Amino acid sequence: MDAEKVLIVHGFGGHRLLMVPLARGLRRAGFETINWGYRSLFGDIETHAVRLRAELERLAQLGSTSRLHIVAHSMGSLVVRQALLEGEVPRLQRIVLLCPPNRGSHVASRFGDIGGRLSRTFAQLSDRPDGFAVRLPTTLCEKYEVAIIAAERDFVVQPDSTQLPGTARHIQVPGLHSSMLFKESTFRVVVDFLAGEDLGAI
């Protein structure tokens, strides 16, 4: 049977296990989920994006895929944006970015000297004007429908830093940077957006 597939991408220092509750919820809502993992503390965003791009193209080519969506948390959002710079992926429709550091993270800038020596990806999360996150082209919404879900009490990525030009929806939900992954309000917004529903008030 044709299926709507959702590829899920965790953030910096995360693991696929953190995304399991969301993946289970999406499966209950009728989506087929792929919980994609990568070594977020190592390498760089560009390298992770190459692998992600290959996985997206593989999924798009499957005859069982009717539509393809993405849900990414935190740094995973930058990996997604980098991966999609190479052109459109067939059948990819909607993208949900959870607490995305689209304009960088002030925490990464504050601890950049120490964290940057330990992890190249941590340094790339800086909100400095010359940082990777800030310089990444903001063309994602020109090709896809994108919703951004920010956490009301996010001490890692400030609400203004989650903004991206052309976003179809930008909503705040209760919770912290990571705890929002386990909130019913987050799940409801994700499912409604991917299903094409009017989000309305949460």
Side-chain angles (χ1 to χ4, degrees), residues 3-38 40 52 56 66-81 83-84 92-108 125 127 133 138 140-141 143-202:
E4 289 197 56
K5 293 181 170 64
V6 181
L7 186 140
I8 300 171
V9 185
H10 63 77
F12 176 81
H15 190 275
R16 287 183 294 176
L17 290 175
L18 287 174
M19 311 302 284
V20 166
L22 180 59
R24 287 175 177 168
L26 286 168
R27 284 197 295 272
R28 287 196 299 268
F31 296 96
E32 181 179 329
T33 61
I34 300 91
N35 196 350
W36 188 79
Y38 63 108
S40 61
L52 177 60
L56 289 169
S66 61
R67 300 207 311 169
L68 180 61
H69 310 290
I70 299 173
V71 177
H73 179 240
S74 193
M75 189 185 81
S77 303
L78 301 186
V79 176
V80 169
R81 289 176 54 197
L84 296 177
L92 180 56
Q93 301 290 318
R94 292 191 162 193
I95 299 170
V96 181
L97 306 180
L98 308 173
C99 303
N102 287 321
R103 299 179 185 173
S105 166
H106 63 287
V107 173
L125 296 175
D127 64 357
T138 58
L140 184 67
C141 300
K143 303 172 183 176
Y144 306 100
E145 292 185 80
V146 179
I148 291 176
I149 305 177
E152 288 182 351
R153 294 184 296 157
D154 193 334
F155 302 109
V156 178
V157 180
Q158 296 178 341
D160 287 348
S161 290
T162 65
Q163 298 284 348
L164 194 66
T167 304
R169 298 285 191 277
H170 190 287
I171 293 175
Q172 285 192 352
V173 297
L176 304 172
H177 185 75
S178 293
S179 71
M180 59 91 72
L181 291 172
F182 311 105
K183 300 288 187 179
E184 175 64 24
S185 53
T186 302
F187 166 73
R188 184 150 37 95
V189 173
V190 171
V191 170
D192 286 350
F193 182 73
L194 295 184
E197 301 294 335
D198 182 6
L199 298 183
I202 61 171

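Quantities reported herein were computed from a predicted structural model and do not represent experimental measurements.
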Notebook entry, point to check: Which value, rounded to the nearest 0.5 Å, describes the distance between Asp192 atom CG and Phe187 atom CZ?
Noted result: 9.0 Å

Item checked: Donor-acceptor under 3.5 Å (Ser105 side chain, Leu125 main chain) -> no

Next item on the list: Please report the closest heavy-atom contact between Pro174 and Met180, naming both atoms and the distance.
Entry: O-CB, 4.0 Å

Notebook entry, point to check: Where do Lys5 and Ile34 come nearest, in terms of heavy atoms and distance?
Noted result: CB-CD1, 3.9 Å

Checklist line | Thr162 side chain to His170 side chain, donor-acceptor N/O pair below 3.5 angstrom | finding: yes

Ignoring hydrogens and angles, write down the donor-acceptor pairs under 3.5 Å from the side chains of residues 18-31, residues two or more places apart or on other chains.
unit_1: Arg27; atom_1: NH1; unit_2: Thr33; atom_2: OG1; d: 2.8

Margin query: Tell me if a side-chain donor or acceptor on Asn102 pairs with a main-chain N or O of Ser161 at a distance below 3.5 Å.
Written below: no

Next item on the list: Show your working on side-chain contact (heavy atoms from CB on, under 4.5 Å) between Lys183 and Val173 and close with a plain yes or no.
Entry: CA-CA 8 Å; Lys183 300 288 187 179; Val173 297; 5.7 Å; no

Checklist line | Heavy-atom pair of closest approach, residues His73 and His177 | finding: NE2-O, 2.8 Å

Checklist line | Distance (rounded to the nearest 0.5 Å) between Gln172 CD and Glu152 CD | finding: 6.0 Å

Check: With a 4.5 Å heavy-atom cut-off, do Leu98 and Val71 have their side chains touching?
Finding: yes

Checklist line | Taking every non-hydrogen atom, the tightest pair across Tyr38 and Phe12 | finding: OH-N, 4.4 Å

Item checked: Arg81 side chain near Leu164 side chain, heavy-atom distance below 4.5 Å -> yes

Item checked: Non-hydrogen atoms of Thr167 and Val146 that approach each other most closely -> CG2-O, 3.1 Å

Note to self: What I'd like to find out is whether the side chain of Val190 reaches to under 4.5 Å of the side chain of Val6, using heavy atoms alone.
What the structure shows: no

Margin query: As an exercise, state the distance from OG1 of Thr138 to CD of Gln163, rounded to the nearest 0.5 Å.
Written below: 12.0 Å

Item checked: Steps toward side-chain contact (heavy atoms from CB on, under 4.5 Å) verdict (Leu7, Leu52) -> CA-CA 10 Å; Leu7 186 140; Leu52 177 60; 3.6 Å; yes

Checklist line | Interatomic spacing from CH2 in Trp36 to CG in Leu56 - rounded to 0.5 Å | finding: 8.5 Å

Next item on the list: Mind checking the OG-CG spacing from Ser74 to Asp154? Nearest 0.5 Å is all I need.
Entry: 7.5 Å

Check: Is the closest side-chain heavy-atom distance between Leu176 and Phe155 below 4.5 Å?
Finding: yes

Check: Which pair of heavy atoms, one from Gly14 and one from Ser40, lies closest together, and at what distance?
Finding: N-OG, 3.8 Å

Margin query: His106: which residues meet the side chain to side chain contact (heavy atoms under 4.5 Å, CB included) condition with it, sequence neighbours left out?
Written below: Asp127, Gln158

Note to self: Would you compute the distance between atom CD of Gln93 and atom CD1 of Ile70 and round it to the nearest 0.5 angstrom?
What the structure shows: 11.5 Å

Margin query: Please check: side-chain N/O of Arg94 versus main-chain N/O of Phe193, any donor-acceptor pairing under 3.5 Å?
Written below: yes

